[in-house]
Each structure stands twice: as C-alpha cells, then as structure tokens.
Novice: 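My questions all concern the structure below.
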Amino acid sequence: MKQWKILKIMKNMQQNSKNRTIILTGMMGAGKSTVGSVLSRKLKLGFIDLDTLIENTQKLSISEIFKTFGEESFRKMECDTVCSIEPGRKLVISTGGGVVESKETIENLRKTGRIYYLEAPADVLYERIKDDTKRPLLMTKDPKKTLKEILDKRRIKYECADFKINTANKTAKEIVDEIVEIYEKINS
C-alpha cells in the first residue's frame, strides 16, 4: 500500500477513536470468514461472522432467508444486525458479500471500525466456491457468469473501503499478516 495513503488514513483515524474494529468485506469466496477467524485469534479480538449471526438469530440459513423473505428483507436484517453492534468494541467482523448493497449498512459499519476489502478476480473466487451449494445468488444456470456480473456491479462499492487486500494466490496466514501490519501501524 502506498505510504501516502497509509499516512492519510492514519490522520483520519486519529480523529476517530473507533478504529480498533476490523471489518472484512468482499465477494463470496474472498476469504472473509476464514481470514476473520484467524485474524481474531492472532490479535486476540472478538469475532463476529455477520451471516452466521443472522442465521442464528433467525434460526434459518441464508438460503432459506432469501427463499422465504427475499433479498431485500435479508439486507434489512443485515443492517439491523450491524446497527446492534456497539461501536468502539475491539472486534473482527466478517460481512456477507452483499453488505455493500446498502448504503445505510456501510455507513453504520464505518462508525464501527475500518473496512478492509478482500479482493480477488472472478475466476479465483469461482474456483474457491464452485462446489458450495449454499450461495443463493449463484443458483443460476451459469453461476460463473453470475458471479462475474455481481462482482462487476459491486466492485466500485468495495473499492470505497479503507484498505484493499489482494487475496489471490495467498494463504489465509499471508492475508492475516498483511492486515495485522496495517492494523498495528494505525493503532500504535
């Protein structure tokens, strides 16, 4: 990451004391849940997987929520769940891939902490999730094409994150180490 960008972000963070929460965004298959779990253990921070929290609260899988209530209702549940997280806590939050679809949800996440976009090309993402049958948005005739279309639509929203971490061809440990380096610089 360019030094000037880190310095600019560090200055902004000094004005906002709620910078100890790490929020992971990115497309399905970017590694948010895996990286989030490892990262929380390494930094000794609490961990919230937003989708898992919603599933536990609703007592339904994400696929069942989409099927029963639709995507719009799910996005509302997502926003409500984010709003229930107390700002200033030291956490790692792994979001669902579509969290960027709601401006209100993103604004609430920004109040909670710093957003890290876990980025990877569509082909890499597809290889990681092609056998996962629990992805409601990919229940189409051509899931690879659908994934690329969703990524193309969301990319600009993901790019608004505080930090961008390329996850292609990296292990979870390498990604975690990169995030820890940034986290320690901005919180020292």
Novice: What residue among I54, T95, I62 forms side-chain contact (heavy atoms from CB on, under 4.5 Å) with E78?
Specialist: I54
Novice: Rounded to the nearest 0.5 Å, how far does CD of E107 lie from OG1 of T112?
Specialist: 12.0 Å
Novice: Indicate yes or no: at least one non-hydrogen side-chain atom of I129 is less than 4.5 angstrom from one of R135.
Specialist: yes
Novice: Heavy atoms, side chains only, cut-off 4.5 Å: are L147 and I150 in contact?
Specialist: no
Novice: Check the side chains of T140 and T146 for a donor-acceptor pair under 3.5 angstrom, ignoring hydrogens and angles.
Specialist: yes
Novice: Taking the basic N atoms (NZ, or NE/NH1/NH2) and the acidic carboxylate oxygens, is any pair closer than 4.0 Å for R75 and E71?
Specialist: yes
Novice: Are T81 and I48 side-chain neighbours, meaning at least one heavy-atom pair lies under 4.5 Å?
Specialist: no
Novice: Do the rings of F74 and F66 sit parallel, tilted or perpendicular, given the 30° and 60° boundaries?
Specialist: tilted
Novice: I93 and side-chain contact (heavy atoms from CB on, under 4.5 Å): which single residue from I85, L45, V99 fits?
Specialist: I85
Novice: Is the closest side-chain heavy-atom distance between L91 and R20 below 4.5 Å?
Specialist: no
Novice: Answer yes or no: is there an ion pair linking D49 with K32, defined by an N-O contact shorter than 4.0 Å?
Specialist: no
Novice: Any heavy-atom pair between the side chains of Y158 and T25 that's under 4.5 Å?
Specialist: yes
Novice: Using 4.0 Å as the upper bound for N to carboxylate O, is an ion pair formed by R89 and E86?
Specialist: no
Novice: Is K148 salt-bridged to D123, going by a charged N under 4.0 Å from an acidic O?
Specialist: no
Novice: Tell me the closest heavy-atom pair linking A161 and Y116, and the distance in Å.
Specialist: CB-C, 4.4 Å
Novice: Between R128 and T167, is there a side-chain donor-acceptor contact under 3.5 Å, judged purely by atom types and distance?
Specialist: yes
Novice: Quick one: closest heavy-atom pair of G46 and S40, and the distance?
Specialist: O-CB, 3.9 Å
Novice: Can you name the closest pair of heavy atoms from Y183 and I22 and give their distance?
Specialist: CD1-CD1, 3.4 Å
Novice: Using a strict cut-off of less than 4.0 Å between a Lys/Arg side-chain nitrogen and an Asp/Glu carboxylate oxygen, indicate whether E119 and R155 qualify as a salt bridge.
Specialist: no
Novice: Considering only NZ, NE, NH1 and NH2 on the basic side and carboxylate oxygens on the acidic side, decide whether E72 and K76 come within less than 4.0 Å.
Specialist: no
